[in-house]
Structure formats: C-alpha cells, structure tokens
Amino acid sequence: MSSSLRRIVFALFIATTLFCATITAHAADKITIASVSWTGVTIKTEVAASILKSLGYETDIKVLSVPITYTALANGDADVFFGNWMPSMASIANKFFKSGKVIKYVANMPGAKYTLATPTFCAQAGLKDFKDIAKFGDKLDWKIYGIEAGNDGNMIIQDMIDKNMFGLGKFKLVASSEVVMLSQVQAYAQSNKWIVFLGWAPHSMNERIDMTYLTGSTDQTFGGNDGTATVWTNVRKGFVEDNPNAAKLFSNMTFSVSMMNQIMTSLHEDPKLGMKKAGLKWLKANPDTYKKWLKGVTTVAGKPGDVAFKAYLDSQF
C-alpha cells in the first residue's frame, strides 16, 4: 500500500470514528423521563427536565400509567421515573426489579404517606381505622374514592374489596383523577358528608382539607407502618453506565416532604404559576438545594453544572 493510500485510509478511519462517537454522544444527550399525572411526581419531573435542559440535554417526558411506566423502563423506551412509591407499588414494580430490567436506584423522598384518609369530623365520630370503615358503610354510601384507573393505590383498594378485607366486600371503588377526587373530597368535607379516599403526603391536600389518615394498614395493603412510604427514583438497566453524568444528578436529587408541601401550597395559591415554575421558584429561593444536587455534575460540554443551572434560573425569573 502506498503512503498516500495509507493516509487516505487513516483519514477515513478517523472520520468514521468521530462520526460514530458523535452519534453515541448525541444519543446519550437525550433523556426520556416517564411520569404519571400526580402533582408531586410531575413537579419532580419538570424540575429534573429543566435542570437537564440547562446542562445541554434534550428531554422527552412521557405521561403514562404506572404499569405502562415499568414496561417502558424495562423495554428501554424510558430512562428514569421519579415516582416509585413503596411499598404500595411493590406488586407492580418488584418483578421488574427482580428481573434486573429496572434499577430501584435511589430513595428520593423518605417519610412520605400513602393510605386511606377521611375528613377529620368523620375520624372524631369513630372512623379512625381500616376496621371501622364497614361500620359506617351507609354513611359512606358503600364507596371508597381512588384516583386514575390502573393506579397502584386503586389496585390495593380493589384487592381489599375483592378479598373482603376489613369487611369491605360490599364497597365499590370509585376511580377518577387526582383533581376530580380531591374536588369531591373538599365538597363533601364542606357539607359534612362522609367519605373515605386515597390520601398522600406531600400534597397540598394536607393544608386544604381538614383530614385524618386512617390507621390499620397492613403489609398486604399500604404497608405495615400506617401507610408511611418511601419514594424512589428508578432507572432502566444500563442507564447509569450509558449516562454517568445524568445518573449522578439523579442520585443527588432528593426532596424533603416539607419542600414538596411548600411547592404544592404555592401552586394551589397561584395555579397560574404552573408546576414547572413553582418548582423552579422554590429552587431559586433555596439555592443550597440545587447546589447539592449539582455537586459533581457537569454540562454536556464539561462545564460546572451549578453555574449553568443558575444562569437558567435567572433567565426564567
């Protein structure tokens, strides 16, 4: 082979290598986030997407049901999910964790709550525990209110009814959206009508409604500690290896219950703010939080991540 031909072959090799590297880099620069239509998960998702954007990543948010979220993660159609409530989602999520196709990854919010609740006046009248619900079936119109169909909380309630746990066999699950359910709860509470519903914290419902969480949950329902929950960030298999910088960000992103309550309350007070802006506004007022999240994280170009996100925040307000 002549020297000139060798130079041409070498040049083509270098060009091909760079081209392939560019394709790989661009593929890694797009992050697909699975979300569900719950306020808290949406806020976390929108905040994460904004931070990723400030770092130079392209993001795609897919709003799915809980079961489809795990199928998407397992198939590689989604990269990350910030709303794995445990133990209530165990019946859906554990098989994906055990298969290794979805990685549980990091607890992003300990000390949460997810269980059945009732207006406080009902609790004061004797509806305090799961075993008390059936005693007041007539007052409750034999209904328990959940959120969207396919939600893990609804599945737990339906299982309780199907198995006649706590004597709930005569009850009917009423499935709707988070917004519709809470509007109904508020209307009932204001008119002193009895209702049992799916409640959780953090959420502004805890500020807007005089409500009481029921005791009596078991390992077969919402968990043995009266519905106390931990929310996890899940990632697809291989994500950490494919995207170590973004994975570092996600491992750093933790949310306290008080932080989320404050964001949700501000959103309730000013609905025009929107979930994304509400989250970003809180971070701008609490820079130590995002600085902690971005420790050791860089932009796609390798520059300090906290500096890039601060500039992004400043452009939003």
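All values below come from the heavy atoms of this structure, side chains included, with hydrogens, waters and symmetry mates left out.
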*side chain to side chain contact (heavy atoms under 4.5 Å, CB included) between Val41 and Phe81, intermediate numbers included*: CA-CA 9 Å; Val41 180; Phe81 175 50; 4.2 Å; yes
Gap separating the [atom1] atom of [X] from the [atom2] atom of [Y], nearest 0.5 angstrom:
X: Lys128; Y: Thr212; atom1: NZ; atom2: OG1; answer: 9.5 Å
X: Thr221; Y: Leu116; atom1: OG1; atom2: CG; answer: 8.0 Å
X: Asn94; Y: Met89; atom1: CG; atom2: CE; answer: 12.0 Å
X: Asn234; Y: Trp232; atom1: CG; atom2: CH2; answer: 9.0 Å
X: Met86; Y: Phe97; atom1: CE; atom2: CZ; answer: 5.5 Å
X: Ser204; Y: Glu269; atom1: OG; atom2: CD; answer: 9.5 Å

Any salt bridge between [X] and [Y], counting N to O under 4.0 Å?
X: Lys163; Y: Asp159; value: yes
X: Asp288; Y: Lys292; value: no
X: Asp77; Y: Arg236; value: no
X: Lys272; Y: Asp270; value: no

Provide the closest heavy-atom pair for [X] versus [Y] in the form atom of the first, atom of the second, distance.
X: Val257; Y: Pro110; value: CG2-O, 3.8 Å
X: Ile209; Y: Leu182; value: CD1-CD2, 4.3 Å
X: Leu140; Y: Ile195; value: CD2-N, 3.4 Å
X: Ala246; Y: Leu52; value: CB-CD2, 4.3 Å
X: Val63; Y: Ser37; value: CG1-N, 4.2 Å
X: Ala117; Y: Tyr213; value: CB-CD2, 4.0 Å

Check whether any side-chain heavy atom of [X] lies under 4.5 Å from a side-chain heavy atom of [Y], and answer yes or no.
X: Thr115; Y: Leu214; value: no
X: Met181; Y: Gln184; value: no
X: Met259; Y: Met109; value: no
X: Tyr312; Y: Leu55; value: no
X: Leu273; Y: Ser266; value: yes
X: Lys53; Y: Thr59; value: no
X: Glu178; Y: Glu148; value: no
X: Lys62; Y: Ile33; value: no

*Take Gln262 and Thr265 through the test side chain to side chain contact (heavy atoms under 4.5 Å, CB included) and record every step on the way to the result.*
CA-CA 5 Å; Gln262 290 168 31; Thr265 300; 5.8 Å; no
Does [Y] offer a backbone N or O that forms a donor-acceptor pair with the side chain of [X] under 3.5 Å?
X: Asp129; Y: Lys131; answer: yes
X: Asn245; Y: Val300; answer: no
X: Thr118; Y: Cys122; answer: no
X: Asn164; Y: Leu168; answer: yes

*Measure centre to centre between the rings of Phe255 and Trp293, then say whether the value is under 6.0 Å.*
yes
*May I ask you to check whether Phe239 and Phe250 place their ring centers less than 6.0 Å from one another?*
yes
Same cluster or not: [X] versus [Y], using hydrophobic residues (I, L, V, M, F, W, Y) connected whenever any side-chain heavy atoms lie under 4.5 Å apart?
X: Ile68; Y: Val36; result: no
X: Ile263; Y: Leu313; result: yes
X: Ile51; Y: Phe317; result: yes
X: Leu64; Y: Val235; result: no

Taking atom [atom1] of [X] as the centre, does the number of heavy atoms from other residues, nucleotides or ligands within less than 6.0 Å exceed 12?
X: Lys277; atom1: NZ; value: yes
X: Lys281; atom1: NZ; value: no
X: Lys237; atom1: NZ; value: no
X: Lys139; atom1: NZ; value: no

Test item: side-chain donor near acceptor, [X] and [Y], under 3.5 Å:
X: Tyr145; Y: Asn154; answer: no
X: Asn108; Y: Lys44; answer: yes
X: Thr120; Y: Asp210; answer: yes
X: Tyr70; Y: Asn84; answer: yes
X: Asp152; Y: Ser88; answer: yes

*asked:* Run the side-chain hydrogen bond (donor to acceptor under 3.5 Å, both in side chains) test on Asp226 and Ser217 for me, step by step, so that the C-alpha distance in whole Å, both residues' side-chain angles and the decisive distance to 0.1 Å come before the verdict.
replied: CA-CA 5 Å; Asp226 290 330; Ser217 176; over 6 Å; no
*Give the C-alpha distance, both sets of side-chain angles, the deciding distance and a yes or no for side chain to side chain contact (heavy atoms under 4.5 Å, CB included) between His203 and Thr39.*
CA-CA 8 Å; His203 195 281; Thr39 303; 3.7 Å; yes
*Intermediate values then yes/no, side chain to side chain contact (heavy atoms under 4.5 Å, CB included), Phe309 and Leu249*: CA-CA 12 Å; Phe309 183 59; Leu249 169 67; over 6 Å; no
*Under the salt bridge (charged side-chain N to carboxylate O under 4.0 Å, His left out) test, residues paired with Lys193 that sit two or more places apart*: none
_Residue pair Phe136, Trp194: steps toward the ring-ring contact (aromatic ring centres under 6.0 Å, His included) verdict_ = CA-CA 9 Å; Phe136 299 98; Trp194 285 55; 4.9 Å; yes
*Of the options Phe130, Trp142, Phe166, which is the one that meets Phe171 in a ring pair (Phe, Tyr, Trp, His ring centres under 6.0 Å)?*
Trp142
